[in-house]
Amino acid sequence: MTTHLDREAPSIAPGPRARSWSRWAVTPPLVAFLASARLRDRPDRLLSLLRDHDPIHRSPFGFWVLSTHAEVEATLRDHRFGSDEVNLDLDLLRLGPLHRMMGHGDVTYEGEFMDVSHDLMLFRDPPDHTRLRGLVARAFTPRRLAKIEDRVEAVADELLADLARRPGFDLMSELAYPFPARVICELLGLPQSDHELISIHGRSLAVGLDPLPSKEQLREADGAVVALRRHLEPVFAARRSAPRDDLLSDLVGAADDGDSLTADELLATVVLLLIAGHETTANLIGNGTVLLDANPEERERLRAGTVDPGRAIDELLRRDPPVQMTQRIALDDAELGGRAVPKGSIVALLFMAANHDPAVFEDPTRLDLDRPNANRHLTFGGGAHYCLGASLARMEGRIMLPKLLRTFPGLQVASPAPRHRPSFTIRGYERVDLTV
Ligand code: HEM
């Protein structure tokens with residue numbers, strides 16, 4: 001969805017010749033990283049190569065890649081960079097060869113996919129972004145969140161109780177996905193029985209967020225929107241005739257007064273909450289559990305309650321972020337670290353590289369649940385688009401992970417080791433088999 005935009009490129013020869021040796025050192029592994037599942041499992045060497053030798057990297061495919069904490073953070077807050085793809089200059093991009101290397105074949109997008117994407121606040125700039133965000137922000141005030149905290153606890157308890165008599169289970173399908181899906185139902189005011197629908201379609205939608213989705217993935221994402229629309233439209237109609245005290249009724253009301261939310265924006269906003277709040281939190285639980293399994297002392301501290309669970313969740317988010325990157329588009333000719341970035345360029349911001357920057361985090365690849373500055377991670381982004389659900393996600397992690405460890409003190413990740421899903425924006429596992 002972020003870039004269903006492509007140009008036919010004649011060959012896979014790199015673009016303008018790089019001037020320094022370091023750029024040559026970085027480019028082939030970067031491409032391999034995008035294409036290879038093995039490198040997805042062990043990204044740290046490549047990320048430090050990028051940070052150390054070419055922190056403002058111009059890839060031969062025409063986009064820029066930022067990897068230091070300072071640059072990623074500054075660009076997220078920089079008004080010269082926006083999120084709306086109408087400002088993208090396609091002539092600067094050569095993504096065709098990259099698609100072919102990733103096995104997608106010749107991908108050209110005609111723009112008929114994911115027709116909600118231009119109505120998502122995530123891909124809008126002010127003033128539309130400000131208006132859309134303002135409407136949803138009221139659902140995430142500390143008071144509203146405190147009101148649903150008991151329900152989040154109850155949902156976690158119910159799911160864990162269902163698993164308690166099993167000798168083992170797949171964490172992802174049995175707990176990590178259903179949990180946030182049920183919480184979003186709670187937040188929006190949808191029946192709990194909708195959580196399966198959200199789980200199935202949420203995953204397809206999240207893959208559509210990748211910077212280089214295949215045509216197949218986009219088709220799937222598009223199908224998910226159609227299915228969700230079919231399901232949600234009667235629900236919108238029901239709220240219209242009988243509003244309740246829930247977020248869905250607030251949003252339907254805003255759509256009905258005509259000025260604040262169009263019908264398309266209403267659907268897009270609900271779909272965004274379903275994607276943004278589901279796949280991400282599921283992978284916080286999946287990645288977090290695998291990390292804790294690999295670090296038994298830290299895991300014991302969380303289980304025993306000798307570390308602050310809030311700080312521990314931030315450290316897990318820092319160490320293995322469920323969202324690895326985002327992108328911005330230069331709204332004007334700009335300069336980054338002394339390099340000229342032309343108007344219309346795409347700039348990829350690598351959260352994981354920033355989160356492992358030794359200039360900010362001491363011994364960055366070590367998991368330290370007591371790390372004093374863990375919350376300086378950029379996993380929730382920053383600036384105008386800073387994650388609206390950050391407090392909710394932290395609450396979900398803080399509630400679920402210690403409960404999981406206490407319910408199953410002997411829990412272990414079974415072999416073979418879990419494999420990462422073939423997606424790039426979202427970082428998470430296909431499945432995580434546990435023995436308990
Ligand atoms: C661990 C869990 C989560 C992570 C890592 C995460 C990460 C992010 C990131 C990085 C962005 C900014 C993207 C950008 O700047 O381009 C974002 C935006 C957003 N997130 Fe989250 N998120 C999480 C959970 C949630 C939850 C639970 C919800 C709500 C139910 C949510 C709702 C949103 C919304 C609505 C936006 C768009 C904000 C805007 O464009 O102004 N997120 N999230």
Side-chain angles (χ1 to χ4, degrees), residues 1-3 72-73 75-78 81-85 117 119-126 128-140 144-145 148 152 176-177 179-188 190 198 202 205-206 209 211 247-248 251 265 268-288 313-329 346-352 354-355 375 377-401 425-428:
M1 165 162 53
T2 33
T3 50
V72 172
E73 189 175 43
T75 307
L76 285 166
R77 294 170 190 279
D78 190 334
F81 294 88
S83 296
D84 194 333
E85 286 197 344
S117 65
D119 288 313
L120 299 178
M121 75 177 87
L122 202 53
F123 303 124
R124 299 286 276 271
D125 292 331
D128 287 330
H129 172 257
T130 321
R131 171 176 57 85
L132 292 170
R133 186 172 166 111
L135 288 169
V136 184
R138 16 178 135 127
F140 293 93
R144 276 256 193 157
L145 288 184
I148 67 160
V152 177
Y177 281 104
F179 176 54
R182 284 183 185 223
V183 171
I184 299 165
C185 289
E186 200 68 44
L187 187 82
L188 282 167
L190 287 169
I198 292 171
L205 283 163
L209 280 171
L247 177 59
L248 216 49
L251 293 173
E265 286 169 347
T269 301
V270 174
V271 166
L272 174 62
L273 291 171
L274 301 182
I275 324 172
H278 175 237
E279 179 78 31
T280 48
T281 310
N283 290 314
L284 159 62
I285 293 163
N287 298 356
I313 295 303
D314 271 314
E315 173 65 352
L316 294 171
L317 286 163
R318 180 196 73 79
R319 178 63 184 72
D320 200 355
V323 178
Q324 289 203 100
M325 61 161 292
T326 190
Q327 67 176 36
R328 290 292 182 266
I329 294 146
I346 287 197
V347 181
L349 309 173
L350 301 188
F351 296 148
M352 185 146 172
N355 288 353
N375 66 359
H377 67 73
L378 297 177
T379 304
F380 290 124
H385 290 271
Y386 180 77
C387 176
L388 254 182
S391 302
L392 176 61
R394 285 183 167 115
M395 179 205 292
E396 291 176 89
R398 179 166 53 71
I399 288 174
M400 176 52 88
L401 282 170
T425 298
I426 296 286
R427 179 174 167 80

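Each ligand, and each atom within it, is numbered from 1 in the order the structure gives.
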- Heavy atom under 4.0 Å from ligand 1: found in Arg328's side chain, backbone, both, or neither? side chain

- Which atoms from ligand 1 have a heavy atom of Gly381 less than 4.0 Å away? 10 (C)

- For atom 30 (C) of ligand 1, the closest protein heavy atom turns out to be Gly277 CA, 3.7 Å

- Evaluate the ring planes of Phe380 and Tyr386, with Trp represented by its six-membered ring, and classify them as parallel (under 30°), tilted (30 to 60°) or perpendicular (over 60°). perpendicular

- Task: Out of Ala282, Gly134, Gly389, indicate the one that has the non-hydrogen atom closest to atom 28 (C) of ligand 1.
- Result: Gly389

- Name the closest protein heavy atom to atom 38 (C) of ligand 1, giving the residue it belongs to and the distance to 0.1 Å. Arg133 NH1, 3.4 Å

- Glu396 N/O to ligand 1 N/O under 3.5 Å: no

- Message: Closer than 4.0 Å to some heavy atom of Val323 - which atoms of ligand 1 meet that?
- Response: 5 (C), 7 (C)

- Under 4.0 angstrom from ligand 1, any heavy atom of His129? yes

- Task: Please indicate whether any nitrogen or oxygen in Thr379 is less than 3.5 Å from any nitrogen or oxygen in ligand 1.
- Result: no

- Query: Going by heavy atoms, is Thr281 under 4.0 Å from ligand 1?
  - Reply: yes

- Query: Is ligand 1 less than 4.0 angstrom away from at least one heavy atom of Phe123?
  - Reply: no

- Task: Heavy-atom distances under 4.0 Å are what count here, so tell me which part of Leu317 touches ligand 1: side chain, backbone, both or neither.
- Result: side chain

- Of the side chain and backbone of Ala384, name the one, both, or neither that has a heavy atom under 4.0 Å from an atom of ligand 1. backbone

- For ligand 1, is Val136 a contact, meaning one of its heavy atoms is under 4.0 Å away? no

